[in-house]
J.: 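Let me begin by handing over the structure; questions about it come next.
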Amino acid sequence: MNALERVAATDFSASEMMIVAAARELAGRRVCFVGVGLPNIAVNLAKLTVATDLELVYEAGVFGARPARLPLSIGDPTIVTRATAVTSMFELFGFYLQGGLIDVGFLGAAQIDRFGNINSTVIGDYAHPTTRLPGSGGACEIAINAREVFVIMRQSRRSFVEHIDFRTSPGNPAGANGARIRQEQGWLGAGPSVVITDLGVYHFGGEGVMRLDSLHPGVTLEDVQGEMAWQPAVAERLVETAPPTAEELRLVRDVLDPDGIYTR
Amino acid sequence: MNALERVAATDFSASEMMIVAAARELAGRRVCFVGVGLPNIAVNLAKLTVATDLELVYEAGVFGARPARLPLSIGDPTIVTRATAVTSMFELFGFYLQGGLIDVGFLGAAQIDRFGNINSTVIGDYAHPTTRLPGSGGACEIAINAREVFVIMRQSRRSFVEHIDFRTSPGNPAGANGARIRQEQGWLGAGPSVVITDLGVYHFGGEGVMRLDSLHPGVTLEDVQGEMAWQPAVAERLVETAPPTAEELRLVRDVLDPDGIYTR
Amino acid sequence: MSESKVASMAEAIAASVHDGDTVAIEGFTHLISFAAGHEIIRQRKRDLTLARLTPDLIYDQMVGAGVARKLVFSWLGNPGVGGLHAVRRVTEGASASLELEEYSHFGMVGRYTAGAMNLPFFPLRSYFETDLPIANPLIRPIRSPYGDELVYAVPPLKPDVVIIHAQRADEGGNTQIWGLLGCQKEAAFAAKRVIVVVEELVGEEVIRADPNRTVIPGLIVEAVVVEPFGAHPSYAQGHYDRDNRFYLEWDAISRDARALERWLEEWVYGVTGRAGYRAKLGEERLASLRPGSAPSGSVDYGDYR
Amino acid sequence: MSESKVASMAEAIAASVHDGDTVAIEGFTHLISFAAGHEIIRQRKRDLTLARLTPDLIYDQMVGAGVARKLVFSWLGNPGVGGLHAVRRVTEGASASLELEEYSHFGMVGRYTAGAMNLPFFPLRSYFETDLPIANPLIRPIRSPYGDELVYAVPPLKPDVVIIHAQRADEGGNTQIWGLLGCQKEAAFAAKRVIVVVEELVGEEVIRADPNRTVIPGLIVEAVVVEPFGAHPSYAQGHYDRDNRFYLEWDAISRDARALERWLEEWVYGVTGRAGYRAKLGEERLASLRPGSAPSGSVDYGDYR
């Protein structure tokens with residue numbers, strides 16, 4: 001039985017575990033820059049559980065969204081109707097994000113390295129790539145200007161790599177060189193601080209290196225090592241992620257994604 | 001009898017002549033940045049006579065104003081209600097003015113020199129002035145970014161001076177040095193191109209120097225020379241400004257300024 | 001507001017879009033003028049540089065139809081679905097033939113803003129420690145004159161033509177939008193020529209009743225085209241929903257160059273303008289996209305006499 | 001929108017404004033919070049740096065009352081009437097004691113914008129060939145990284161406190177404005193603390209019915225103060241007109257330091273908050289400023305379920 005099969009043997013899916021783990025990381029955070037898909041569900045779950053005062057900001061220009069259905073895209077009309085404020089992207093990126101009002105930004109990634117540097121641009125050579133990915137969108141400014149960044153992605157040897165093919169968004173700027181860079185460039189943010197995958201949860205140590213802090217139920221350290229291209233730093237006390245509670249699963253399944261679009 | 005007394009002997013006031021002369025200069029212009037007071041009446045007179053397609057832009061953030069009464073200030077609520085567009089000052093100054101959409105800006109001045117350099121900041125030393133004037137407001141960016149600038153002011157030895165005490169807005173950037181400056185700094189505008197006073201009308205020659213082109217009815221060249229601190233360049237064919245027509249006076253008196261606030 | 005700027009789409013595109021132009025059909029998810037994109041394809045324009053934050057299905061269709069030489073963009077995809085396969089076919093591998101000029105979202109917004117404001121550059125806190133300035137040497141560092149801090153600059157973008165879809169405009173081109181505003185205003189002010197496509201042509205008095213709602217003044221508008229459902233399959237807030245079925249269908253169509261060609265034949269070359277497209281979609285499909293009502297309420301500007 | 005931010009003016013000013021702070025009461029002609037200015041005078045705040053594009057009567061009153069150490073501004077005057085005499089008394093001649101930091105309108109707008117956007121500077125095409133960069137060395141030239149063109153930069157302005165008057169807000173501070181917008185939004189986002197003063201407190205559902213009308217989100221608001229006629233003698237679009245009689249009267253009052261002192265005694269120190277000021281003005285005077293009606297009309301956002 002491989003890792004994913006073992007996870008499948010639990011009564012929740014790997015996606016559900018990712019969402020629940022991501023939601024819990026939002027405890028105490030106030031303003032979140034929301035991407036659609038897994039982050040959207042994670043953020044809304046947090047708002048119903050660990051972070052009831054959380055304010056949602058969508059890069060399309062919406063603050064205080066109150067969607068009446070699960071948004072189909074990041075610019076769905078349902079996030080506009082009955083929102084608190086709708087504004088231009090100039091203002092959203094300039095005043096909210098670069099202005100320092102965003103506590104947490106969520107990013108996905110095609111490739112990530114141990115420092116949290118992210119590639120969402122190309123696989124292969126930039127001029128003649130084997131796969132042309134979407135590119136930055138707002139990712140590079142989210143990584144720099146959100147107070148911290150949560151990365152949510154599935155883990156594999158193809159995605160957790162030694163060297164990413166293109167640096168779309170900068171990694172965790174900790175350590176001596178990082179401190180210099182941050183001051184010279186006036187960075188507000190701490191960069192990626194959490195990485196949540198289908199296998200576990202990572203945080204970043206003082207030197208800005210990803211550290212495995214918890215394994216999802218049914219996942220072993222060997223499973224994790226098998227799905228990444230470097231030897232990970234591991235917490236002294238590696239723990240098992242608490243499985244989703246019945247209430248968390250009810251909210252995800254009945255309230256947030258009743259059609260199972262993102263969670264099956 | 002001095003100049004102003006002679007003008008008073010006509011059946012229109014010096015202010016009315018200034019307004020009518022300014023309105024006529026607007027023939028063929030399309031978009032005008034409006035100041036309140038004399039410019040406001042001049043612009044509205046032009047719209048009723050020589051420039052019926054003229055669009056009015058107010059620095060307070062209004063495009064296509066349709067005031068139901070004479071505005072008391074540049075930000076009067078009557079210029080907002082039933083306007084075409086109301087916008088932020090960022091957009092008004094950035095997109096409309098600096099973006100190059102304004103054909104004519106109107107400026108007043110406390111002091112002007114022969115090159116059209118304007119002072120509206122201080123009389124005397126900047127740090128310890130004898131008179132503290134309002135300062136630039138939008139004047140310095142209007143002078144630089146409007147395609148051309150009309151100056152409207154009363155003329156005297158104190159206002160038409162050899163050297164202004166402070167350069168709030170740059171003059172006509174003609175001549176070789178001006179061409180270099182304009183290119184290096186990417187100026188859109190031609191700077192002050194017309195000066196309309198209570199005594200006559202000036203335009204600027206190829207070297208960027210003010211040239212007297214017409215004298216208002218009842219005004220002599222000696223009168224003009226008596227009210228300025230330098231010997232003016234005079235047009236080869238100095239003409240008399242055509243007096244206000246009955247229709248122009250009717251519009252000013254009955255329609256645009258029925259209470260005579262600006263024109264008596 | 002003397003003369004009317006109302007024109008047919010065919011007239012507006014023929015008059016304003018020329019081979020080799022830089023064209024931006026803007027709108028973030030919301031109000032994307034598919035109607036204008038299809039007319040550009042029909043008129044077989046060539047060598048266009050297509051600018052847009054998010055080259056959506058419309059640019060995938062235009063690239064597939066061969067109108068484009070180059071894309072200027074920040075995010076390339078079928079939002080919520082996947083990739084743009086016609087674009088991928090000409091950007092991947094050794095034979096990549098479409099030129100790309102790539103920024104981030106805020107970089108593109110900054111470029112339009114600099115264009116609108118006649119600034120030689122726009123500064124932003126982005127791109128630090130990334131490969132984007134290497135991939136695109138037009139992204140350049142600049143030092144602050146206060147305290148020597150470093151930021152990045154992007155150059156102004158001044159498209160030849162910007163095409164905006166909106167809920168309503170008057171004959172003079174004074175245009176009102178509600179819902180997501182994207183960067184339509186900045187793009188329009190940056191453009192040499194602006195075409196506005198609207199769901200509804202309204203009287204000047206409707207616009208003048210709510211001047212704060214006006215996003216684009218007629219002053220900068222070349223032509224007003226009336227084209228209900230002109231943003232389909234994207235949406236118009238309050239008028240219709242995104243037709244997600246088509247976004248999903250496009251994924252399959254665009255993966256196959258010949259299926260794409262057949263689709264263009266059927267839905268673009270083969271219809272008589274947008275009216276033909278609407279008729280082909282059918283009343284029932286269009287009606288299914290209509291939302292319920294959620295009125296804004298009215299505010300009072302006051303009558304000052 | 002969990003907790004209410006509603007506070008009395010006395011509470012809001014006491015909590016947010018401290019001696020030595022940089023304070024901006026913004027609003028271009030429209031929506032100037034005289035109510036907040038008077039409360040600052042009443043609480044005898046000292047050594048304030050007062051920032052504002054157009055130091056209007058309110059800053060003349062505050063300077064006359066001795067709260068200010070410095071002005072940061074672009075146009076100094078009583079709009080449509082003449083000079084600000086209290087300000088002139090401390091800025092003219094050998095004994096000029098009020099510090100001045102002077103820009104142009106667009107320069108001030110650019111400063112707030114840089115403050116709101118966390119930029120180290122804002123570039124603009126202004127100040128060329130003028131004495132302003134000499135008078136104020138914080139106005140500095142900067143070269144474009146494209147083609148070496150020269151523009152000017154202004155530094156960010158991040159006031160400690162920005163006070164905005166508005167037509168309406170909800171308890172959470174979500175604020176809507178119509179009519180002239182000035183640079184209130186940019187100033188508010190640039191501020192460390194924002195106080196919003198409103199004509200009317202409305203339910204969250206009123207704000208949410210028209211989200212494009214929201215200018216300031218509650219996210220950045222410290223306190224909401226309900227103070228009808230709080231912008232008098234300036235105006236609130238749709239609510240009341242400018243009370244021009246007072247602008248004319250102020251010219252005479254402010255020319256004489258003792259008359260100004262008597263006026264402050266009577267209208268600021270001598271009244272119990274804004275309610276006392278309104279009562280003293282009288283119903284008839286207030287009623288005479290009410291405009292007729294000019295409704296905006298309603299648009300439909302659509303209900304998407």
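Numbers restart at 1 for each chain; the letters A, B, ... are given by sequence-line order, proteins then strands. A quick note: this is a predicted structure, and the numbers were derived from the prediction, not measured.
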J.: Could you go through C/Glu199 and C/Arg168, starting from their C-alpha distance and side-chain angles, then the distance that decides it, and tell me whether this counts as salt bridge (Lys or Arg N to Asp or Glu O under 4.0 Å)?
T.: CA-CA 6 Å; C/Glu199 290 295 317; C/Arg168 67 189 187 193; over 6 Å; no
J.: Per the side-chain hydrogen bond (donor to acceptor under 3.5 Å, both in side chains) rule, what does the pair list look like for residues 226-236 of chain D, sequence neighbours excluded?
T.: D/Glu227-D/Arg278, D/His232-D/Asp243, D/His232-D/Tyr277
J.: For C/His105 and C/Phe28: C-alpha separation, side-chain torsions, deciding distance, then whether ring-ring contact (aromatic ring centres under 6.0 Å, His included) applies.
T.: CA-CA 10 Å; C/His105 277 350; C/Phe28 193 83; 5.5 Å; yes
J.: Below 4.5 Å from any heavy atom of chain D, which atoms of C/Leu119 appear? Answer side chain, backbone, both or neither.
T.: both
J.: Do D/Ile207 and D/Gln176 have side-chain heavy atoms sitting under 4.5 Å apart?
T.: yes
J.: State, with a plain yes or no, whether a side-chain heavy atom of D/Phe122 is found less than 4.5 Å away from one of D/Tyr112.
T.: no
J.: Go through the steps for C/Val215 and C/Thr175 under the test side-chain contact (heavy atoms from CB on, under 4.5 Å), then give the verdict.
T.: CA-CA 6 Å; C/Val215 171; C/Thr175 303; 5.8 Å; no
J.: Hey, what's the ring geometry for C/Trp178 with C/His239, parallel, tilted or perpendicular (30° and 60° as the breaks)?
T.: tilted
J.: Could you have a look at D/Tyr146, D/Tyr301, D/Tyr304, D/Phe121 and say which one has the most heavy-atom pairs with chain C under 4.5 angstrom?
T.: D/Tyr146
J.: Could you name each residue pair satisfying salt bridge (Lys or Arg N to Asp or Glu O under 4.0 Å) that touches residues 115-126 of chain D, not counting sequence neighbours?
T.: D/Arg125-D/Glu149
J.: Most heavy-atom pairs under 4.5 angstrom with chain D, which of C/Pro141, C/Ser144, C/Pro120?
T.: C/Pro120
J.: What residue in C/Gly292, C/Pro291, C/Pro145, C/Ser296 has the most heavy-atom pairs under 4.5 Å with chain D?
T.: C/Ser296
J.: Picking from D/Leu180, D/Val206, D/Asn212, which has the most non-hydrogen pairs under 4.5 angstrom with chain C?
T.: D/Asn212
J.: What part of D/Leu150 gets within 4.5 angstrom of chain C, counting heavy atoms only: side chain, backbone, both, or neither?
T.: neither
J.: So for C/Arg305, is it side chain, backbone, both, or neither that comes closer than 4.5 Å to the heavy atoms of chain D?
T.: neither
J.: Using a 4.5 Å cut-off on heavy atoms from C-beta on, say whether the side chain of C/Gln237 contacts that of C/His30.
T.: yes
J.: Heavy-atom distance under 4.5 Å to chain C: side chain of D/Ala236, backbone, both or neither?
T.: backbone
J.: Measuring heavy-atom distances to chain C, does D/Tyr240 have an atom under 4.5 Å in its side chain, in its backbone, in both, or in neither?
T.: backbone
J.: Tell me, for D/Arg290 versus chain C, whether the close heavy atoms (under 4.5 Å) come from the side chain, the backbone, both or neither.
T.: neither
J.: Which one of D/Pro211, D/Pro155, D/Pro156 has the most heavy-atom pairs closer than 4.5 Å to chain C?
T.: D/Pro155
J.: Among D/Ile142, D/Val151, D/Asn118, which residue forms the greatest number of heavy-atom pairs with chain C at distances under 4.5 Å?
T.: D/Asn118
J.: For chain D, find which of C/Pro123, C/Gly147, C/Ala153 contributes the most heavy-atom pairs closer than 4.5 angstrom.
T.: C/Pro123
J.: At a heavy-atom separation under 4.5 Å, does C/Phe106 approach chain D through its side chain, its backbone, both, or neither?
T.: side chain
